[in-house]
Amino acid sequence: MRIALRGPAVGAGCRAAGVRALHAALLGAGADAVLEACDPGGPVTPRDAPPAADRRGPVDVHLQWCAAADVEAGVDAPVRVARISQPHPVTAPEAALLKGLDEVWVRDEAAREHLVSLGVDRERLWVCPDPVDTAGVSAVAPPGAHGAVTLAIEPDPARLMNLVCVWAEVMPVEADVTLVLASDAGLPERVVAALARAGHREVDIADLMLICEPLSDRERLGLIAAAGLVLTPSARIAAEAAALGVPCADLGLDAPALAAKLCRTGERAAHAPSARHDAARVAGEVAARLAGLARFRRASGGYAGRPRTVLEGAMLGDRSPAAVNRGLARAMLRQGRVDLALRDGEGAVPDPAAPVDQSMRPLAWGCLREHGGAPDVTIRHGHPADLSPVRDGRLVAVLPWEFGGAPAEWLECLDRGVDEIWVPTGYVRDGYLAAGAPEGRVAVVPNGVDTAMFHPARAPMDLGDGAPGYRLLHVGGPAWRKGVDLLVDAYRMAFGPDDDVTLVLTDRGASCSDGVDRLVEDLAADPRAPRVMRLTRPVPEGAMPGLYAACDCLVHPYRGEAYGMTMAEAMATGLPVIAPDRGAARAFMDPDTALLVPSRRREIAVAELAGHRLVLPAVVHEVEVEALASRMRWAYECRDLAADTGRRAAVAIAAGHTWHHAAAVAASRLAALTASGEVARGVAA
């Protein structure tokens with residue numbers, strides 16, 4: 001079993017001391033442990049410098065020893081564990097990220113109970129003590145120290161001044177005691193100033209010694225062993241004191257409590273060293289724990305019943321399938337209910353160490369991961385669809401269809417290796433069933449919105465001077481399926497050149513214009529028509545929230561949609577949305593959260609559409625141009641009421657239509673698919 005240990009491994013920080021001690025103990029026990037040092041600077045002493053990192057080849061388990069905020073949930077290893085080492089409690093967002101790991105380790109029971117209260121499964125939490133290597137440590141007091149020694153260790157000199165003042169007040173000058181302060185630069189000046197403010201001179205107080213130089217692990221342990229009392233806020237140093245059998249107290253005590261501790265320094269009670277923190281013992285427990293996790297990972301079904309899953313498809317492009325794959329993958333990695341690896345269908349593998357948008361980092365790691373065994377389920381979502389059989393496990397094909405009855409070859413794939421088809425809405429599923437698909441083989445796994453990206457507080461994009469007045473937005477390109485021809489006619493009908501309004505059009509996701517492009521060009525060039533701004537350059541995903549925020553209303557009179565991501569994103573940003581009252585988007589909008597326009601169902605008798613052979617006539621929904629124009633005019637004239645609709649829409653999307661909700665549905669479907677040897681049933685919306 002090969003173990004990768006990641007964490008700060010050089011420097012005087014307590015976290016680095018723990019990483020060094022564990023790594024050395026693992027190597028001493030014969031474990032194959034490699035180090036991934038994540039450090040802000042160089043080593044304090046050559047003695048504390050760890051060996052060079054060596055990550056050639058794959059590892060079986062990856063152990064991160066760091067603060068919760070620094071945990072990378074998508075590291076490329078079959079088993080992923082983080083040991084949280086920080087003085088403050090884990091926050092709720094950090095706990096949500098930790099759920100994507102196989103296990104989370106903490107230093108004590110209190111930390112475990114706190115994570116349980118934040119929703120982390122108790123069975124995936126383990127208490128791992130701080131390891132301390134005390135072998136060969138001998139007590140070494142500073143030269144000149146005498147009597148009972150009290151050692152205070154705190155990097156920030158300012159936090160030691162309360163202790164200095166209490167020492168000057170309670171300790172007689174002639175007492176056979178020494179207070180040793182270990183801190184960073186600036187300590188002497190602060191001590192002198194603190195004593196002067198309290199009315200004391202340095203010669204009028206019991207002996208006080210200052211250490212302002214960095215200490216190696218051995219030097220620090222020698223000082224602790226020589227002390228009768230250690231005062232520190234650090235849980236790591238408290239563990240070192242316990243391992244050496246030295247009493248320890250929190251430096252943050254108030255003045256009376258500190259005084260009581262100091263006055264009893266010479267009465268040191270016998271403390272047996274704690275074997276709990278022995279580095280060799282901790283390393284043995286860690287190795288045994290990780291070996292058990294690795295064995296469980298190789299068992300069928302993955303660790304703790306999490307299906308080993310591969311999501312195949314475009315991940316990094318700007319097309320719709322890539323955006324859906326990114327949203328679902330991010331949420332699934334965060335939730336941790338599925339052991340997920342990603343396979344980019346376009347062959348791109350990003351460098352996880354490159355400076356990229358943090359939201360892309362989990363996807364970069366996911367694209368580099370490989371499972372320890374064959375996947376239980378492969379999910380494919382791309383365009384064109386890849387329906388070829390898989391070698392191992394089950395195959396799920398994500399096949400959204402916008403025009404009613406599903407294509408013939410997509411129905412036939414259920415007899416040629418596809419175990420289940422996923423569609424984003426009940427509307428699309430109804431089209432599959434009408435075309436003859438077995439009811440138990442088509443599941444609704446919805447799309448969603450990343451509400452951390454799309455929310456009403458986003459700053460608006462600067463559209464310059466070309467889009468004054470009330471801004472109506474259409475996102476999706478000049479396609480007939482998107483109803484842009486209907487939008488152009490309705491815009492001409494609703495507004496004139498004197499109205500303070502601008503129609504903002506983007507080409508996001510457009511693959512063809514269906515001849516509608518000319519209508520848009522004529523509208524923009526007509527001096528008798530209302531204003532038009534056309535954004536012909538692609539708008540990056542990260543800039544889309546700003547575009548929504550810069551506009552006042554989204555208009556999307558689609559004829560056919562399988563979901564309607566742009567409408568859901570706009571609603572999440574707080575925009576009122578004008579859309580047909582039929583079709584797929586009714587999955588996330590209603591008359592209270594959208595400005596719906598009456599539409600009629602229309603069948604198109606064609607044998608083939610978009611390169612696919614049909615078994616039923618294609619179905620679209622068309623709004624009446626007059627009704628659409630009326631809705632747009634109402635939004636323009638009653639903009640406060642329209643904005644209220646947008647505010648209600650944002651609440652509704654956040655409450656039930658996020659990628660978090662979608663990932664939970666996907667995880668349930670995957671668990672059902674791997675629960676038995678038969679294809680799962682009962683997948684109705």
Between [X] (side chain only) and [Y] (backbone N and O only), is there a donor and an acceptor less than 3.5 Å apart?
X      : Y      : result
Trp659 : Gly448 : yes
Thr573 : Pro545 : no
Thr178 : His146 : yes
Glu113 : Ala110 : no
His23  : Arg20  : no
Arg326 : Met315 : yes
Asp450 : Ala452 : yes
Thr309 : Pro307 : yes
Ser216 : Glu219 : yes
Gln64  : Glu72  : yes

Between [Y] and [X], does any NZ, NE, NH1 or NH2 come within less than 4.0 Å of an OD or OE carboxylate oxygen?
X      : Y      : result
Asp108 : Arg276 : no
Glu103 : Arg289 : yes
Asp70  : Arg6   : no
Arg83  : Asp130 : yes
Arg2   : Asp32  : yes

Criterion side chain to side chain contact (heavy atoms under 4.5 Å, CB included) on Met332 and Arg337, from CA distance to verdict | CA-CA 7 Å; Met332 292 174 77; Arg337 293 175 57 184; over 6 Å; no

Applying salt bridge (charged side-chain N to carboxylate O under 4.0 Å, His left out), name anything that partners Asp156, two or more places apart in sequence or on another chain.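 Partners of Asp156 by the salt bridge (charged side-chain N to carboxylate O under 4.0 Å, His left out) criterion, ordered by chain and then number, come out as Arg159.
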
- Test Asp207 against Trp167 for side chain to side chain contact (heavy atoms under 4.5 Å, CB included), laying out the working first. CA-CA 10 Å; Asp207 281 350; Trp167 178 263; 5.8 Å; no

message: Please identify which of these residues, Val230, Leu231, Ile237, meets the side-chain contact (heavy atoms from CB on, under 4.5 Å) condition with Cys248.
response: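 Of the listed options, the one satisfying the test is Val230.
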
Can you tell me how far SG of Cys165 sits from CG of Leu163, rounded to the nearest 0.5 angstrom?
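Output value for this atom pair is 9.0 Å.
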
How long is the straight-line distance from CG of Leu63 back to CG of Leu22, given to the nearest 0.5 Å?
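Rounded to the nearest 0.5 Å, the CG-CG separation comes out at 6.5 Å.
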
Review point. When you look at Asp60 and Val79, which way does the side chain to side chain contact (heavy atoms under 4.5 Å, CB included) test go after all the steps?
Key: CA-CA 6 Å; Asp60 299 293; Val79 175; over 6 Å; no

*Quick one: do the Ser274 and His277 side chains pair a donor with an acceptor below 3.5 Å?*
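There is no such pair (donor and acceptor under 3.5 Å, judged by atom type) between the side chains of Ser274 and His277.
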
Next on the checklist: Would you say that more than 12 heavy atoms from the other residues, nucleotides or ligands in this model lie under 6.0 Å from the NE2 of His660, or not?
Outcome noted: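 Atom NE2 in His660 is not packed in, count stays at 12 or less.
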
- request: Would you indicate whether Glu285, at its atom CD, is surrounded by more than 12 heavy atoms from other residues, nucleotides or ligands within a distance under 6.0 Å?
  value: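 Yes, the 6.0 Å shell around CD holds more than 12 heavy atoms from other groups.
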
Applying side chain to side chain contact (heavy atoms under 4.5 Å, CB included) to Leu229 and Val149, what does each step give before you reach the verdict?
CA-CA 7 Å; Leu229 172 67; Val149 175; over 6 Å; no

Just so I know, are the side chains of Arg218 and Val137 near enough to count as touching, which here means a heavy-atom distance under 4.5 Å?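 Answer yes - side chains close enough.
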
* To do: I would like to know whether Asp184 and Arg190 meet salt bridge (charged side-chain N to carboxylate O under 4.0 Å, His left out); could you show each step before the answer?
  => CA-CA 11 Å; Asp184 290 345; Arg190 285 186 176 273; over 6 Å; no

